[in-house]
Colleague: 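Provided herewith is a single structure, encoded as structure tokens, for subsequent inquiry.
Chain letters run A, B, ... following the sequence lines, proteins first, then strands; residues in each count from 1.
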Amino acid sequence: MYKHSDRVDMELLGSHKTRATKVSIWALTGPVLVIAEKPKAARKIAEALSHKLITRKYGKIPYFEIRSSPLVVYVASTAGHLYTLHTELKGYPVFEYKWVPAHVVEEEKKYTRQYLELLSKLARECKYYVNACDYDIEGSVIGYLVIKFHGDENRAFRAKFSSLVHDELKKSFESLAPLDYDMVESGLCRHELDWIWGINVSRALMSAIYQATGKKVILSAGRVQTPTLKYVADREIERGLFTPLPQYTIKVKLKKAGIDFTAEFTENPVPEADRASRIKSSVLREKHLVVSDYTVERREISPLPPFNLSDLQYEASRILGFSPMKTQKIAEELYLEALISYPRTNSQKLPPSLNYREILHKLSDIYKYGALVSQLLRETKGILRPVEGEKEDPAHPAIYPTGNTPRNLTRDQWALYDLIVRRFIAVFAPKAVISYTRATLVAPLTSYRFTCSGITVEYPGWLAYYPFHAPSSKTIPHLTRGERVEILSVIVRESYTKPPPKLKKVDILKWMESVEVGTEATRAPIIEKLFERKYLENTKSGVKITDLGLGVVEVITGFFPELTSVDLTRAFEKLVNEVKTGVKKREHVIEEAKSVLKRLMEGFNKHISDIGVLLSSRLGIVDNYPKCSVPGCRREIYVNTLCRYHYEAYKKLREAYNEWSRRKNTSYEEYLRKLKEMNSTGALIRDVIEHFELKALREKQ
DNA sequence: GCAAGGTC
């Protein structure tokens, strides 16, 4: 490490805990190492610092040298976290851990070794250090640990910027802040809390199975994955217990000027069969309906905002059928090919400094976008003002195409790239104009009301560029208030209530985003992790939870209930923020977490053999316990001869008959037979019907 | 081997 004895410099810096003045990088008197969070950021930073930069390579990794005599500045980068928390200790609870280079302990992070070697080498040659990672708590930790282990905290600064725009970068390096210890401490605190909870509960689960069977099975639990698993479990149970109920929709067929159209009863669906048929016959007695209201509303619909990663994942799932992980992977590939901007962003805003015109111009050279771009420039008369969304990201703008020409893209890469380009073009386009026609018609004697509606795209605007939200048009005849319309017929259709739809991966992602667990970059991988653990599995129609997944949720709900709720994330956020603002010390927060975990572990350990049997039985690796009497169900008995889920189904099936028979006159046996033949009947309910209720009826006869 | 968080 650089040995310094320069008095002037120490006066300039003061003690690191107290100094508060901003320092220009150009006022420093020795070699400087600037640490960026990723290679692309390093290049942008180097370009902002000087026109005369020398690009060098360490192995395959580029770094930059700026000679501004007498100063030398090196700009190099990490590749995200180069350090990770680690322990040598086996068993649990475990509270001793330290920061170690990720490449040493994690096989799939081998590639980070060269990044660390380069930073270490440059750090030895330098006297000053600038943490220029993304300005958020993770960036603060990433840069800090490199400085701590390879540089010198006492001669270190923080560069603060919220975009990689030339002028902003330049300014931030002309007024470097002291190292941001508050952010670092809160970041370290977040890492430790996640580690303590995640590692310990995971080890406890694995240990339970090992003690019960001698088998090593990889299980896991964590602040993000466990509430997510619980969400899928709850949905799956709800579907499994779903008991469809009959309901009735009433429509009238109408005729005006030779055109047939249909109006819907405003109180649809009607629960009771007899009420529906009474309404039908009384409406039939009236020969016509009277128009009570007819409105045409023209609405201007703004373009959708530019993509952040989750919006891209939703749209790619809906339009292209891509899983969130697939979308993320392809977006990262496009980013590395310099075809799109940084994809792991939450922002729905484009930087005002971006040269929209230049990007559009470059896009128009890509054969399929030429026509779209010239249409856009015509329609907007060249005034390019993008629509923005609400969501922001401290470190990155929304996703946009760079305008570089794609070469040798795969079909999937093209499809995603096309979506991104179209969405980008559409944000500049005019609003769409859509007219909604709505009529209300009243039966004169009974006052029953019916409605019908039409929709027409008057002017496509942005929908011409991004057509995936264009409504399909539907027309109804023009009507006048007070007008009589002839009734052709009245139709009553019997249908059944619908279960909540089966989840797809993207629905899980949406839920995670809505409750704010995980981050842009981690949600899709964490969903995949639940599959890897065999907690979830894929079926043709969507995601299904396994018996193991249900068992893990039951055990964690019983012994570590905090971990099944997104409230733990909220609690962490509060603590991490209190550390950031200096209200609490990291050490105290961690001590508190340890004592909570210790107490919970004692409760777990008291029941570890039962837990081990439960998890092992769900895995199918033990068999010597009393099982639920539903054939094929390997869950342990909960009440009488049934597991907890089949017992719930048994109760639900009987309860639902009351409501069913109120709606429609049906014998219990008919009810059972009808439920059995319907696809929407929950699997648990179906099991109980097939194996108990129908069997019992047959035996009675 | 286990988390969640960065990024190749």
Colleague: If only atom types and distance count, is the side chain of A/Y115 paired as donor or acceptor with the main-chain N or O of A/A76 below 3.5 Å?
Modeller: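 Absent.
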Colleague: If you pin A/E520 and A/T84 to their nearest nucleotides in DNA chain B, which one's is more 5'?
Modeller: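 Going by which nucleotide is closer to the 5' end, it is A/T84.
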Colleague: A/K529 near the nucleic acid: base, sugar-phosphate alone, or nothing, with a heavy-atom cut-off under 4.0 Å?
Modeller: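 Sugar-phosphate, no base atom in range.
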Colleague: Contact class for A/P39 vs. all strands (heavy atom < 4.0 Å): base, sugar-phosphate, or nothing?
Modeller: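 The answer is sugar-phosphate, as A/P39 gets under 4.0 Å only of primed atoms, P, OP1 or OP2.
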Colleague: What nucleic acid atoms does A/S220 come within less than 4.0 Å of, heavy atoms only: base, sugar-phosphate, or nothing?
Modeller: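 If one applies the 4.0 Å heavy-atom cut-off, A/S220 turns out to touch the sugar-phosphate alone, with no base involved.
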Colleague: Could you tell me whether A/E332 contacts a base, only the sugar-phosphate backbone, or nothing, with contacts defined as non-hydrogen atoms closer than 4.0 Å?
Modeller: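 Contact class for A/E332: none.
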Colleague: Mind checking if A/R523 touches a base, just sugar-phosphate, or nothing, with heavy atoms under 4.0 Å?
Modeller: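 Counting heavy atoms under 4.0 Å across all strands, no contact is made by A/R523.
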Colleague: Tell me, yes or no, whether the heavy-atom count around A/E108 atom CD, taken from other residues, nucleotides or ligands under 6.0 Å, exceeds 12.
Modeller: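 Buried by this count: over 12 neighbours within 6.0 Å.
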Colleague: Does A/I218 reach a base, just sugar-phosphate, or nothing at all? Heavy atoms under 4.0 Å.
Modeller: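 If one applies the 4.0 Å heavy-atom cut-off, A/I218 turns out to touch the sugar-phosphate alone, with no base involved.
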Colleague: At under 4.0 Å between heavy atoms, what does A/L219 touch on the DNA or RNA strands: base, sugar-phosphate, or nothing?
Modeller: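 Sugar-phosphate only.
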Colleague: Mind checking A/G518 for me? I need base, sugar-phosphate or nothing, with any heavy atom below 4.0 Å counting as a touch.
Modeller: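 Sugar-phosphate, no base atom in range.
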Colleague: For A/K171, I'd like to know if atom NZ has over 12 heavy atoms of other residues, nucleotides or ligands within 6.0 Å.
Modeller: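 Incorrect, the count does not exceed 12.
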Colleague: Considering the options A/V552, A/L530, A/L503, A/L536, which one meets the side chain to side chain contact (heavy atoms under 4.5 Å, CB included) requirement together with A/I545?
Modeller: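 Exactly one option meets the side chain to side chain contact (heavy atoms under 4.5 Å, CB included) with A/I545, and it is A/L536.
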Colleague: When you measure from the side chain of A/D134 to the backbone of A/D136, do you find a donor-acceptor pair of N or O atoms at a distance under 3.5 Å?
Modeller: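 No, because the side chain of A/D134 does not come within donor-acceptor range (under 3.5 Å) of the backbone of A/D136.
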Colleague: Please tell me which of A/D194 and A/M206 maps to the more 5' nucleotide of DNA chain B, matching each residue to the nucleotide holding its nearest heavy atom.
Modeller: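 It is A/M206 whose nearest nucleotide is closer to the 5' end.
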Colleague: I'd like the 5' and 3' limits of the part of DNA chain B contacted by chain A, with heavy-atom contacts below 4.0 Å.
Modeller: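 On DNA chain B, the outermost contacted nucleotides are B/dG1 to B/dC8.
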Colleague: Heavy atoms under 4.0 Å, any strand shown: does A/R223 hit a base, just sugar-phosphate, or nothing?
Modeller: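 Counting heavy atoms under 4.0 Å across all strands, the contact made by A/R223 is with sugar-phosphate only.
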Colleague: Can you give each donor-acceptor pair under 3.5 Å made by side-chain atoms of residues 602-613 of chain A, sequence neighbours left out, with the distance rounded to 0.1 Å?
Modeller:
unit_1	atom_1	unit_2	atom_2	d
A/N605	OD1	A/Y92	OH	2.7
A/N605	ND2	A/M601	O	3.3
A/H607	ND1	A/G603	O	3.2

Colleague: Heavy atoms under 4.0 Å, any strand shown: does A/D134 hit a base, just sugar-phosphate, or nothing?
Modeller: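 A/D134: backbone/sugar contact only, no base atoms under 4.0 Å.
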Colleague: Kindly confirm or rule out a cation-pi arrangement of A/K329 over A/F322, judged by NZ or CZ under 6.0 Å from the six-membered ring centre and within 45° of its axis?
Modeller: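 Ring-cation test returns no.
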Colleague: Describe the nucleic acid contact of A/K90 in one word from base, sugar-phosphate, nothing, applying a heavy-atom distance below 4.0 Å.
Modeller: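 Answer is base: heavy atoms of A/K90 come under 4.0 Å of a base.
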Colleague: Could you check whether A/W99 and A/H191 have their ring centres less than 6.0 Å apart?
Modeller: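 Ring centroids of A/H191 and A/W99 are less than 6.0 Å from each other.
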Colleague: Can you pull out the residues from residues 568-594 of chain A that lie within a 4.0 Å heavy-atom distance of DNA chain B?
Modeller: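 Residues of residues 568-594 of chain A that come under 4.0 Å of DNA chain B do not exist, since none gets that close.
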Colleague: Calculate, to the nearest 0.5 Å, the distance between atoms CZ and CD1 belonging to A/F307 and A/I340 respectively.
Modeller: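 Rounded to the nearest 0.5 Å, the CZ-CD1 separation comes to 10.5 Å.
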Colleague: To the closest 0.5 Å, what do you measure between OG1 (A/T213) and OH (A/Y210)?
Modeller: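 Going from OG1 on A/T213 over to OH on A/Y210, the span is 9.0 Å.
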Colleague: Over all strands shown, is A/Y92 touching base, sugar-phosphate only, or nothing at heavy-atom distances under 4.0 angstrom?
Modeller: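 The residue A/Y92 makes no contact with any strand.
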Colleague: Could you tell me whether A/T78 contacts a base, only the sugar-phosphate backbone, or nothing, with contacts defined as non-hydrogen atoms closer than 4.0 Å?
Modeller: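 A/T78: no heavy atom of the nucleic acid under 4.0 Å.
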Colleague: Determine the contact category for A/G222: base if any of its heavy atoms lies under 4.0 Å from a base atom, sugar-phosphate if only primed atoms, P, OP1 or OP2 are that close, otherwise nothing.
Modeller: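 Sugar-phosphate: the residue A/G222, judged by heavy atoms under 4.0 Å, touches backbone atoms but no base.
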